[in-house]
Amino acid sequence: MFVLDEADEMLSRGFKDQVELAKMLLNEGQMHLFEHWPEPGVDDDKKKSFFDQVRRLNSSYPGGLVSYIQNARKLLADSKAGKNPYDGFTPSVPSGEVLTFGDDNFVSLEAAGVKEARNAAFVLVAGGLGERLGYKGIKVALPRETTTGKCFLQHYIESILSLQEASCKMVDDGCHTKIPFVIMTSDDTNALTIQLLESNSYFGMEPSQVKILKQEKVACLADNDARLALDPNDKYRIQTKPHGHGDVHSLLYSSGLLEQWKSEGRKWVLFFQDTNGLLFNAIPSALGVSAIKGYNVNSLAVPRKAKEAIGGITKLTHVDGRTMVINVEYNQLDPLLRATGHPDGDANCETGYSPYPGNINQLILELGPYIEELKKTHGAISEFVNPKYTDSTKMTFKSSTRLECMMQDYPKTLPPSAKVGFTVMDTWLAYAPVKNNPEDAAKVPKGNPYHSATSGEMAIYRANSLILRKAGAQIADPVVDTFNGQEVEVWPRITWSPRWGLIFRNVKEKLRGDSSISQRSALAINGRNIFLEGLSLDGTLIVNSVDEAEVKITGHVQNKGWTIQHVDYKDTSEKEEIRIRGFKFEKVEQLEVNYTEPGKHSLSA
């Protein structure tokens, strides 16, 4: 038999580790991987490459390939048997905080969060390309909005730097803390992410603050016996697929960063995903909630309509007394409620929303308890498998499958004593992910969120308009228009840099007198000390200033402005990032002012 001959040959040539890997695979029922191997001396380079891949797969999974295969067998057996992962659990509404934007409690929580930010680290999971959006590049390189063209990654870094600076100012003697920023990449996104950072000088962040952790893929499974699937085009290569963003926990554990952060006195780790352009509106107040409530785990959430296609944060109590507060997917929550004494299932309560808030996959973890938990689990997260069967016998798969894990399932292994809560904020303020392509978004039932590049950009203008309204400005009502088959509200195109309006108090301080902005207007503020004092804007105004300048904007600014042009997503003459939005700006006329010198300046139009 070729495998035994091969093993003897490898031992004689000193390849002991390869022999051990081969034995491990054979012991786990993976004989088929070697069935087509020719005799020793043939295809030796390809065989070596095979073992190199096996070594990587073995080292990148907690417990190695043996654990992966054994976990897969159990999960595949449960899937075939139709086992419900929530058998024995009863759902109930967990405890958490529901915030109202702009009230005294919200403002005080934002201040508390800014103060805590210097003790935090941020982790972005960015392993995905934008193919699902109709965009070939990495998602974090997409423009967050096209008024300024700043990409998501630039906005995230500028927000972290603004938090860093504001937090240090709250210390009596100042501080020089640099907030760490970790980006989890994948084979698909790693090189492009590094290129984006390096070609833009890390968007103002010190390169030493940024750490890249690349996740590996996991082996695909060919059948219910968890036999590893070979690449159909290469018999010396195991087919692999992504494991999911839950890998971030094991990568952080093995990197040593968590212990380093603890030694530096850090207290919080904030996890977020790649294309929610409103997220940093929610971060300061949510971090304030974590600090004041002492939450070990704080999930950011938004109000959720019953049966809406977003997971609900739920407390689960098992018949054996175990409890956990976790995300339950919307298609599992309704039947779970019906099966446990709630005949209406997932229903709206008196608020008009489900009592189970919508999970938006942004987590704040307290560092100390997080490290202690990972010492026990090594970062392994509860997994699931989702095979697509050829028929009801569930004997064969349509295509290979793999185990997956999700970042937000971290609380599943926590003890009952863990303080797990949530913070709910208005959707308009905190949540506008960009994840659907124009065709899919256009099929979304009316009234449900599109979660597209179109809706994501328009949501930013809506949020900024409503924030300015709350601060006392007169902002015109939106008009309704349709782009790429999606009906959206078009508010004034208002955008500002994080260092101008990091929190609501900053915005209120910089708005003086009666200012008004018409619906067709665009306003871009890029600078720290820019004050709107009785500005009346009907057109486009762009204000850039250095941080050492103090700029007062007053009077009536009127020009032809920028008009919105419709773009068909099939129009290949336009760039992908424009086509997926369905609109572009025709920059007819604007007033752009640049203040490059320190001191006091004013624009009186």
Side-chain angles (χ1 to χ4, degrees), residues 143-150 155 277 453-483 488-501 506-546 549-567 574 577-578 581-596 600-605:
R144 172 178 174 260
E145 38 76 18
T146 51
T147 295
T148 66
K150 287 183 180 180
H155 175 72
T454 310
S455 62
E457 177 160 356
M458 291 301 177
I460 290 165
Y461 303 138
R462 180 189 187 206
N464 290 344
S465 293
L466 292 174
I467 290 168
L468 285 185
R469 254 190 198 176
K470 185 74 175 176
Q474 296 176 44
I475 308 297
D477 287 336
V479 298
V480 174
D481 204 342
T482 301
F483 305 99
V488 292
E489 290 182 346
V490 183
W491 290 76
R493 274 68 65 208
I494 299 168
T495 182
W496 57 73
S497 58
R499 65 188 193 277
W500 185 80
N506 298 151
V507 176
K508 286 183 74 173
E509 288 170 350
K510 289 163 187 174
L511 205 61
R512 301 169 181 171
D514 295 326
S515 290
S516 64
I517 300 175
S518 70
Q519 185 278 330
R520 71 179 193 89
S521 292
L523 172 64
I525 300 172
N526 186 28
R528 180 183 290 112
N529 300 308
I530 297 169
F531 297 86
L532 308 183
E533 300 193 6
L535 168 68
S536 170
L537 176 61
D538 183 35
T540 296
L541 173 63
I542 301 164
V543 186
N544 303 304
S545 83
V546 294
E550 183 178 309
V551 180
K552 186 167 73 172
I553 309 290
T554 64
H556 183 62
V557 174
Q558 186 170 27
N559 53 53
K560 292 176 183 175
W562 295 359
T563 60
I564 300 179
Q565 305 292 312
H566 287 72
V567 173
E574 298 288 352
E577 57 261 40
I578 296 298
R581 291 165 207 276
F583 64 85
K584 66 178 180 180
F585 299 125
E586 184 169 339
K587 301 178 180 180
V588 182
E589 187 181 13
Q590 77 256 356
L591 175 61
E592 180 167 1
V593 287
N594 300 287
Y595 298 95
T596 57
K600 296 193 174 187
H601 308 268
S602 65
L603 171 68
S604 300

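Side-chain contact between H566 and D481: present, with at least one pair of heavy atoms (C-beta onward) separated by less than 4.5 Å. Inter-residue side-chain proximity for L541 and V543 is flagged as met; some heavy-atom pair is nearer than 4.5 Å. At least one side-chain heavy atom of I467 sits under 4.5 Å from a side-chain heavy atom of W496. Counting heavy atoms from C-beta on, the side chains of M458 and F583 come closer than 4.5 Å. Side-chain contact between T495 and I525 is absent, with no heavy-atom pair separated by less than 4.5 Å.
Of the N and O atoms on the side chains of S604 and T554, at least one donor lies less than 3.5 Å from an acceptor on the other residue. With no hydrogens or angles considered, a side-chain donor-acceptor pair links Q565 and T563 at under 3.5 Å. A side-chain N or O of W562 and one of Q590 form a donor-acceptor pair less than 3.5 Å apart. Inspection of the E592 and N544 side chains reveals an N or O donor paired with an N or O acceptor under 3.5 Å. E457 and T146 share a side-chain donor-acceptor pair at under 3.5 Å.
Listed for the R144 side chain is no donor-acceptor partner under 3.5 Å among the backbone atoms of I460. A donor-acceptor pair under 3.5 Å is absent between the side-chain atoms of T454 and the main chain of F483, judged by distance alone. Using modelled atom types, one side-chain atom of R493 and one backbone atom of W491 make a donor-acceptor pair closer than 3.5 Å. Distance alone, capped at 3.5 Å, is enough to place a donor-acceptor pair between the K510 side chain and the W500 backbone. Not one N or O on the side chain of E586 forms a donor-acceptor pair closer than 3.5 Å with the backbone of V588. Checked by atom type and distance alone, the side chain of Q519 pairs as donor or acceptor with a backbone atom of V490 at under 3.5 Å. Counting only distance, with no hydrogens or angles, the side chain of H155 and the backbone of P498 share no donor-acceptor pair below 3.5 Å.
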*Checking side chain to side chain contact (heavy atoms under 4.5 Å, CB included) for the pair V480/V488: CA distance, chi angles, key distance, verdict?*
CA-CA 6 Å; V480 174; V488 292; over 6 Å; no

_Residues K584, E574; criterion salt bridge (charged side-chain N to carboxylate O under 4.0 Å, His left out); working and verdict_ = CA-CA 10 Å; K584 66 178 180 180; E574 298 288 352; 2.7 Å; yes

_Stepwise side chain to side chain contact (heavy atoms under 4.5 Å, CB included) check, N529 with V551_ = CA-CA 6 Å; N529 300 308; V551 180; over 6 Å; no

*What do the steps show when you test L468 against V507 for side chain to side chain contact (heavy atoms under 4.5 Å, CB included), and what is the final call?*
CA-CA 7 Å; L468 285 185; V507 176; 3.7 Å; yes

*Verify salt bridge (charged side-chain N to carboxylate O under 4.0 Å, His left out) between R512 and E533, making sure each step is shown before the conclusion.*
CA-CA 5 Å; R512 301 169 181 171; E533 300 193 6; 2.9 Å; yes

*Please report the C-alpha distance between H556 and Q558 in whole Å, then the side-chain angles of each, then the deciding distance to 0.1 Å, and finally whether the side chain to side chain contact (heavy atoms under 4.5 Å, CB included) criterion is met.*
CA-CA 6 Å; H556 183 62; Q558 186 170 27; 3.3 Å; yes

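The CD1 atom of I475 sits 7.5 Å away from atom CZ of R469, with the distance rounded to the nearest 0.5 Å. With rounding to the nearest 0.5 Å, the separation of CG in N559 from CG in L537 is 7.5 Å. To the nearest 0.5 angstrom, L523 atom CG is 9.0 Å from I530 atom CD1. To the nearest 0.5 Å, atoms CG (L591) and CD1 (I542) are separated by 8.5 Å. Between atom CD1 of residue I553 and atom CG of residue L532 there is a gap of 7.0 Å, rounded to the nearest 0.5 Å.
For H601 and Y595, the gap between ring centers is short of 6.0 Å.
The only option from S515, S521, S516 that meets the side-chain contact (heavy atoms from CB on, under 4.5 Å) definition with S536 turns out to be S516.
Taking all atoms of both residues into account, the shortest heavy-atom contact from A471 to K508 is CB-CG, 3.9 Å. Annotation for P143 and G149: closest pair CB-O, 4.1 Å, computed over non-hydrogen atoms. Looking at every heavy atom in both residues, T147 comes nearest to A524 through CG2-CB, 4.4 Å. Pairing each heavy atom of S518 with each of P492, the nearest pair is O-CG, 3.5 Å.
A salt bridge is absent between K560 and D538: the closest approach of a Lys/Arg side-chain nitrogen to an acidic carboxylate oxygen does not fall below 4.0 angstrom. A salt bridge links R462 to E489: one of the charged nitrogens lies within less than 4.0 Å of a carboxylate oxygen.
No more than 12 heavy-atom neighbours from other residues, nucleotides or ligands sit within 6.0 angstrom of CG on D514.
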